[in-house]
Structure formats: C-alpha cells, structure tokens
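Order of appearance sets the numbers: ligands from 1, and atoms from 1 within every ligand. The model shown is predicted, which means the values in this text are computed figures rather than measured ones.
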Amino acid sequence: MSSSQRLPTILEKIHEQRLKDIEQAKSTPGTRPTDLETLLSLNVSPPQIALVPRLRQTPGRPALMAEVKRASPSKGDIAPNANAAQQALSYALAGASVISVLTEPKWFKGSLLDMRLARQAIDNLPNRPAILRKDFIVDEYQIQEARLFGADTVLLIVAMLPIPRLKLLYAYAKKLEMEPLVEVNNAEEMKSALDLGAKVIGVNNRNLHNFEVDMGTTTRLVDMVKDRDVILCALSGIQSNQDVQGYIQQGVSAVLVGESLMRAPDPGAFIRYLLDIPEPAPKDVLYKPLVKVSGVKTPEFAIAVAEAGADFVGIAFAPNSRGRVSLSEGAKIGGAIRQYRASAFQDSPTSEKASKDHPVNEPWFALHASRLSNSLSYGAPLLVGIFQGQSLDEILEAVSVAQLDLVQLQGSEPIQWAQHIPVPVIRAFHVRPDDGGSLYEVTRPGLHHFLLFDSVGKETVAWEAIKNVVEEGKVKGKGEKLPVILAGGLTTQNVSEIVRTAKPWAVDITEAIENDLENVKAFIKAAKAV
Ligand SMILES: O=P(O)(O)OC[C@@H](O)[C@@H](O)c1c[nH]c2ccccc12
C-alpha cells in the first residue's frame, strides 16, 4: 500500500492504527503476551460454545447475527449511548444466534469491555447466542484477547490479510476452538476463504475500502458455495424483512445486522419483524400461585398437606426454628413424599412429552419458575428443606438423607453455595420497608433459582419496597416480571388480596406450631381462588 501514491483507504488506516494498539497492549504490564498465555492456561476465560452448531439451530428460518455497533467510519455516530449488555440481552431474548460486538475503539466506539459485558448479560440463558469479536484481527494476540473477554469466535477479513497470514490466524483460532467468521467481498476473496476450509463465510455487501454498499454482492457469490459444507452469511445494509427473505430464497443461511438494529427503538420487536417470529404470548394473564406449606413436622401431616393440594412441603432443619425436624424425622417425611409422588405419577394420565426443541431463551428466574410449574403437573408436592446458619456439609447431608427436592437458604449463607448444592435453591430475603435498592445480589441470575421475600419479624412483607423489582425484573423497560415466593404474615384472611395485587408466583404459609390441617386447606383454597 505504501508503494502507491494514492491516499490510504479507511481499511488501511484502521489496520495501521490497530497494529499500534496491539503493540501498546503487548507492552503493558499485565497484558503482555506471556500474561495472556498464563490467563488462558488458568482457564479464567469464560466457557465457550461452538459456532457452527449454534448457527444450525434454527431450521426453517435464517440465523441472525445481531451486532452491537455504536458508530462506524461511514455513518459516524449510530447509537453512541447504547449499552452493550442491555442491547445484547434484548437480542438474545428475541432469538439472535450470534451477538457480534465491535471492539474497535476509535472508529466504532467499541471495546473489549463491551464484549465482556455483552457476554455477562447473556451468560445465564440456557441457549445463549455465540459471541463474535468484530474487529480488525491481524495478530494472534487479538484472538487470545477475544477468548479471555468471552468471545466464542472472531472475524477474519480476507481483504486485509495476506494469504499466509490469513492461514496462520485461521489455524490459531481453530487451535483455541473457535471457528472464525471469514469475511469476503468478491469472487477472488471467496476463493481464498474456500481454499482455507472456512466453514462460516460472510459476504460483506459493503466494500471496506470505499464503503459502497451493494446488496447484490452476496447474491453474486452464492453459487460458489452451493453444495459445500459452508454456512453463508450476508453482511451489511440489511434493513427489512424483505431483504432477509430475498437472501433466504437465494440460499443464504445467516444474516448479520448492525445499524438498523442499533437504531430500532425496540430491538427485540425489530428482530421478530426481520425473522418473521411471532410475538410471544403475554404470560401472566391469570396467575394461580403455587402454595408452599412450611413447618411440617410429621409424615402424616406432609401427606395430608399434599392431598390438600400444596405444591411445596417445607421442613425446617434450622436449629432455631420453631418447627424444627431432626435428620431422621426429615428422612421419614422425605420417604413419605416420595411414595406419595410415585403413586400420584402412576395415576396421572401420561403427561405430554416435553418439547425436544432447542430451548427458547428466557430470563433466569422466569425460566426456573416455568420449568418448576411444569414439573408439578402430575400433582405431588416438592419437598423443601429450610436451613439457617448451618454449614454446607450439614445441608448436603440433609439433602441426601431426606431426599430433598429443593433447599431454602434463609439469608446469611454465601450466595455462591447454590453452586455446591445439587438441588435447586430458594434464597430467602428479609425485606425491610427501605430495602428497595438493595436487591442487586438476591436478583443476580445464575446462582439460586428462586426468590423468597420474607418479612422482618411479624410484619407482612414490605411489598412496596420490592414492587419495582418484581414488576420490572432485571430487563429495564421490558416489563419482565420477576417470579417470587411471598412469605411472612400471610393468612387465610389476607392471602387472596395479596395474590391479586402483588401477583406472586407462590405464597408460603408456615404452620410450625399447630400443623392445623383445616387452616392449610382454607389457605390453599383462598390463595388459588383467583
Ligand atoms: O450496520 P450494517 O449495515 O447492518 O452492517 C453490519 C456489519 O456488516 C458491519 O458492521 C461489518 C461487516 N464487516 C465488518 C468489518 C469490520 C467492522 C464492521 C464490519
């Protein structure tokens, strides 16, 4: 490029700047090449998913690579205030297969931090999209950075790499178990990509030397990949459902969309429009709460409660609890519940087979609530062991001896214990009226599976304090409800009113003293009469 007298193209300028950026990073203590090697060997990079199977998961519709792109050299600012994590989460929930994150700082206003945050925002989804580092990759060092910051794959641009370099970078990405997206813009570059053995090839409709967009670029190259084991992706300039449809008819199997998604006021709705995905049905039309009866002390009462229609039977192992049971009492209750469940299951009409489709992504707490609600369909309660101030070993012993289905932790236990407990965990949180803002940790996805809001002392739970969190959930402005179990001060008299206004996923009554069956029956009836 320096031999000619013409001005450098934008691609050449970016290339030159990126080489400088890499030199600087490589000479900064903490991010020297040896540091990156060490970090990779320590497995501090987040776990990876494979690109090709992820792209093949959407039979009947194209795979979408949805991009986080604040600005570009051709358009200037697109959405300078966009939040990478929030953007990524709405892409993921709407059905994107890949999230492409621009990490170039100068022209695209992106960063590795953006990519890391995008990854963290989607990390607890059951079927998260793959993360693509969208940058100008010229050095193995950038591929290592990509892995460490949570990428599953990287972009390799044929137009900016001499063939031997391209081959080395492709091989290096494969060595880190990444199948790169190889970008081409004409037939010659396509041939290089095919010679390389690339499995995912993107045709950029935008020429990176002069920015001209020609939507026919992809169309003209389709025939070169026919009958090959290659996923062909159309990149750039895609703005409408018709654009996507056109490419699909030509045999393109994936599309990458940046600008129009960044400008869309509701990215999720725009994705559904692009891909012809129907609006999800509104969920909480009529919400019959589950009922948890806690403080059960005998097998007989456990069965009576089960027959009365309780969804959870709670037994307390906490030493200071009024309705405390010993390990051996717990084991007897566990045995009785198992027996009851086995006969309930045999009597139930064969339940519908769970769908074997790839799971649709749902936010963490909503997902676990709906899974659990579905698992209750044959009408036997789950057994919950309630713990407070006990060691992890004591909890694990009780799980196995009493055959617990769930563990409830009353609050002071480390939040990460959920990773060590082999059954789902309910985390209790004692809500004070002024606690509205301190719910960050309890509502953190990925550890405990369920939230229980309890009162402090004898008061009814401070509903106002948690209302916003429950109603808005973690997805700001999404109207996503947070399913919670309400406990503390609920009675047969007040439960129906609380269910109507607060719409909890479940309600808890604690019968630690009397084990009064009539009261339990009346409570269940009142709670479910919505
Ligand atoms: O914003 P658009 O028109 O939807 O295009 C996105 C994408 O193709 C573009 O961001 C892109 C494709 N190849 C690149 C290489 C580097 C930087 C950016 C890109």
Worksheet item: For S260 and ligand 1, does the shortest N/O to N/O distance drop below 3.5 Å?
Response: no

Worksheet entry | For K69, the ligand 1 atoms whose distance to one of its heavy atoms is below 4.0 Å | 1 (O), 2 (P), 5 (O), 6 (C), 9 (C), 10 (O)

Worksheet item: Does ligand 1 have an atom under 4.0 Å from some heavy atom of R206?
Response: yes

Practice prompt. Could you find the nearest protein heavy atom to atom 7 (C) of ligand 1 and give me its residue, atom name and distance?
Written response: L256 CD2, 3.3 Å

Item to complete: Look only at interatomic distance and state if G237 has a nitrogen or oxygen under 3.5 Å from any nitrogen or oxygen of ligand 1.
Response: yes

Item to complete: Considering the heavy atoms of V257, write down every atom of ligand 1 situated less than 4.0 Å from one of them.
Response: 4 (O)

Worksheet entry | Spacing of OG belonging to S100 relative to NZ belonging to K69, to within rounding of 0.5 Å | 8.5 Å

Worksheet item: Please state which protein non-hydrogen atom is closest to atom 13 (N) of ligand 1 and give its distance, to 0.1 Å?
Response: E183 OE1, 2.6 Å

Discussion item. For the CG atom of D152 and the CD atom of Q48, what is their distance to the nearest 0.5 Å?
Written reply: 6.0 Å

Discussion item. Looking only at protein heavy atoms, which one is nearest to atom 8 (O) of ligand 1, and what is the separation?
Written reply: S236 OG, 2.6 Å

Worksheet item: To the nearest 0.1 Å, how far is atom 4 (O) of ligand 1 from its closest protein heavy atom, and which atom is that?
Response: G258 N, 2.7 Å

Item to complete: Give a yes or no on whether a salt bridge exists between R220 and D214, defined as a side-chain N under 4.0 angstrom from a carboxylate O.
Response: yes

Worksheet item: Any side-chain donor paired with an acceptor under 3.5 Å for Q86 and Y91?
Response: no

Item to complete: Could you tell me which atoms of ligand 1, counted from 1 in the order shown, lie closer than 4.0 angstrom to a heavy atom of E259?
Response: 1 (O), 2 (P), 4 (O)

Response to the item:
Correct closest heavy-atom pair for D35 and T31 would be OD2-N, 3.3 Å

Discussion item. To check your reading of the model: name the closest protein heavy atom to atom 16 (C) of ligand 1, its residue, and the distance in Å.
Written reply: F136 CZ, 3.4 Å

Fill in: salt bridge (charged side-chain N to carboxylate O under 4.0 Å, His left out) between D139 and R18, worked out
CA-CA 10 Å; D139 193 315; R18 258 354 214 154; over 6 Å; no

Worksheet item: In the protein, what heavy atom is nearest to atom 19 (C) of ligand 1, and what distance, to one decimal place, separates them?
Response: K134 NZ, 3.2 Å

Worksheet entry | is_close_aromatic(H448, W417), centroid dist under 6.0 Å | no

Discussion item. Any atom of ligand 1 sitting under 4.0 Å from a heavy atom of L155?
Written reply: yes

Worksheet entry | Sub-4.0 Å atoms of ligand 1 with respect to non-hydrogen atoms of L235 | 8 (O)

Worksheet item: Out of curiosity, M160 CE to L208 CG, how far, rounded to the nearest 0.5 Å?
Response: 9.0 Å

Worksheet item: Passes side chain to side chain contact (heavy atoms under 4.5 Å, CB included), M190 versus V225? Steps please.
Response: CA-CA 9 Å; M190 175 62 92; V225 297; 3.8 Å; yes

Worksheet item: Between I157 and ligand 1, which part of the residue brings a heavy atom under 4.0 Å of the ligand: side chain, backbone, both or neither?
Response: side chain

Response to the item:
of all protein heavy atoms, closest to atom 10 (O) of ligand 1 is E67 OE2, 2.4 Å

Worksheet item: Taking the six-membered ring where the residue is Trp, are the ring centres of F365 and W505 under 6.0 Å apart?
Response: no

